[in-house]
Engineer: 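Mind having a look at this structure? Questions to follow.
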Amino acid sequence: MEMKASTQYNDYRGTAAADFADFQTLEAYLKDKGLDTDRYKPIGVELYCGYSNFVNPRFICKDILSEEKKALTFGFENKISITEFLDLFKRFNVVLTWAKGEDYSDWELDDDTQYIDDRK
């Protein structure tokens with residue numbers, strides 16, 4: 001399986017970037033959760049979420065005992081909150097564009113945000 005985000009219909013596609021949190025690394029977080037981080041080195045994370053404020057992360061790890069260029073994923077038996085997940089990062093940014101028809105992924109994005117008065 002390719003290391004790319006995918007949903008059932010892929011109506012939107014995009015990119016993501018994150019800065020690690022100053023107070024905790026993925027490795028420390030997973031070690032606290034019970035992962036053998038002496039053997040499995042976290043190299044990434046996959047995030048799946050649905051309608052009801054839960055996230056189902058899978059942590060992408062390299063088995064340091066293996067010479068294969070194949071990553072393993074580790075997840076939790078129980079879902080975690082979006083807050084717990086986002087607290088793993090200092091900043092987390094996702095950009096998605098409509099993926100059906102015209103390709104918008106290479107368009108320039110104006111940094112001057114127009115704000116909507118949503119106090120109705």
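The basis for the numbers below is simple: all heavy atoms, side chains too, and nothing from hydrogens, waters or symmetry mates.
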Engineer: Can the ring centres of Phe20 and Phe92 be said to be less than 6.0 Å apart?
Structural biologist: no
Engineer: Just so I know, are the side chains of Asn93 and Arg91 near enough to count as touching, which here means a heavy-atom distance under 4.5 Å?
Structural biologist: no
Engineer: To check you understand the geometry: which heavy-atom pair defines the closest contact between Tyr9 and Lys100, and what is its length?
Structural biologist: O-NZ, 2.9 Å
Engineer: Taking CD in Glu102 as the centre, count heavy atoms belonging to other residues, nucleotides or ligands within less than 6.0 Å. Is the count above 12?
Structural biologist: yes
Engineer: Check whether any side-chain heavy atom of Phe74 lies under 4.5 Å from a side-chain heavy atom of Leu72, and answer yes or no.
Structural biologist: yes
Engineer: Within 45° of the six-membered ring axis of Tyr40 and under 6.0 Å from that ring's centre, is NZ or CZ of Lys62 located there?
Structural biologist: no
Engineer: Would you sort out whether Phe76 and Leu30 count as a side chain to side chain contact (heavy atoms under 4.5 Å, CB included), showing the intermediate values?
Structural biologist: CA-CA 10 Å; Phe76 302 135; Leu30 291 172; 4.1 Å; yes
Engineer: Between Arg13 (side chain) and Ser6 (backbone), is there a donor-acceptor pair under 3.5 Å?
Structural biologist: no
Engineer: Could I get the full list of salt bridge (Lys or Arg N to Asp or Glu O under 4.0 Å) partners for Glu46, not counting sequence neighbours?
Structural biologist: Arg58
Engineer: Just to verify, what does Lys69 make a salt bridge (Lys or Arg N to Asp or Glu O under 4.0 Å) with, not counting sequence neighbours?
Structural biologist: none
Engineer: Indicate the atoms forming the closest heavy-atom contact of Gly44 with Leu26, along with that distance.
Structural biologist: O-CD1, 4.3 Å
Engineer: Any donor and acceptor pair, going by atom type alone, linking the side chain of Asn10 with main-chain N or O of Thr7 inside 3.5 Å?
Structural biologist: yes
Engineer: Under 4.5 Å between side-chain heavy atoms, counting indirect links through other Ile/Leu/Val/Met/Phe/Trp/Tyr residues: same cluster for Leu47 and Ile43 or not?
Structural biologist: no
Engineer: Does Ile80 share a hydrophobic cluster with Ile60, counting links as ILVMFWY side-chain heavy atoms below 4.5 Å and allowing steps through other members?
Structural biologist: no
Engineer: Any side-chain heavy atom of Val45 sitting closer than 4.5 Å to one from Phe89?
Structural biologist: yes
Engineer: Heavy-atom count check: over 12 atoms from other residues, nucleotides or ligands less than 6.0 Å from Asp19 CG?
Structural biologist: yes
Engineer: Would a hydrophobic clustering, with Ile, Leu, Val, Met, Phe, Trp and Tyr connected at side-chain separations under 4.5 Å, put Leu88 with Tyr48?
Structural biologist: no
Engineer: Would you say that Tyr29 contacts Thr37 through its side chain, given a criterion of any heavy-atom pair below 4.5 Å between the two side chains?
Structural biologist: no
Engineer: Quick check against the 3.5 Å criterion: does Asp117 have a side-chain atom that pairs as donor or acceptor with the backbone of Arg119?
Structural biologist: yes
Engineer: State, with a plain yes or no, whether a side-chain heavy atom of Lys79 is found less than 4.5 Å away from one of Val55.
Structural biologist: no
Engineer: Could you check whether atom CG of Asp106 has more than 12 heavy atoms from other residues, nucleotides or ligands sitting under 6.0 Å from it?
Structural biologist: yes
Engineer: Rounded at 0.5 Å granularity, tell me how far CD1 in Ile82 sits from SG in Cys49.
Structural biologist: 5.0 Å
Engineer: Run the ring-centre check on Trp98 versus Tyr12 and record whether the distance is less than 6.0 Å.
Structural biologist: yes
Engineer: Do Gln24 side-chain atoms and Asp22 backbone N/O form a donor-acceptor pair below 3.5 Å?
Structural biologist: no
Engineer: With a sphere of 6.0 Å drawn around CD1 of Ile116, does it hold more than 12 non-hydrogen atoms of other residues, nucleotides or ligands?
Structural biologist: no
Engineer: Nearest 0.5 angstrom please: Gln114 CD to Asp110 CG, how far?
Structural biologist: 7.5 Å
Engineer: Minimum heavy-atom separation for Ile64 and Asp38, please, with both atom names.
Structural biologist: CD1-O, 2.8 Å
Engineer: Is there side-chain contact between Phe59 and Glu27, with at least one heavy-atom pair below 4.5 Å?
Structural biologist: no
Engineer: Holding to salt bridge (Lys or Arg N to Asp or Glu O under 4.0 Å), I want the full list of residues that pass it with Lys31, two or more places apart in sequence or in another chain.
Structural biologist: none
Engineer: What pair of heavy atoms forms the shortest contact from Cys61 to Pro42, and how long is it?
Structural biologist: SG-CA, 3.8 Å
Engineer: Between the side chains of Lys33 and Glu84, is the shortest nitrogen-to-carboxylate-oxygen separation below 4.0 Å, so that they form an ion pair?
Structural biologist: yes
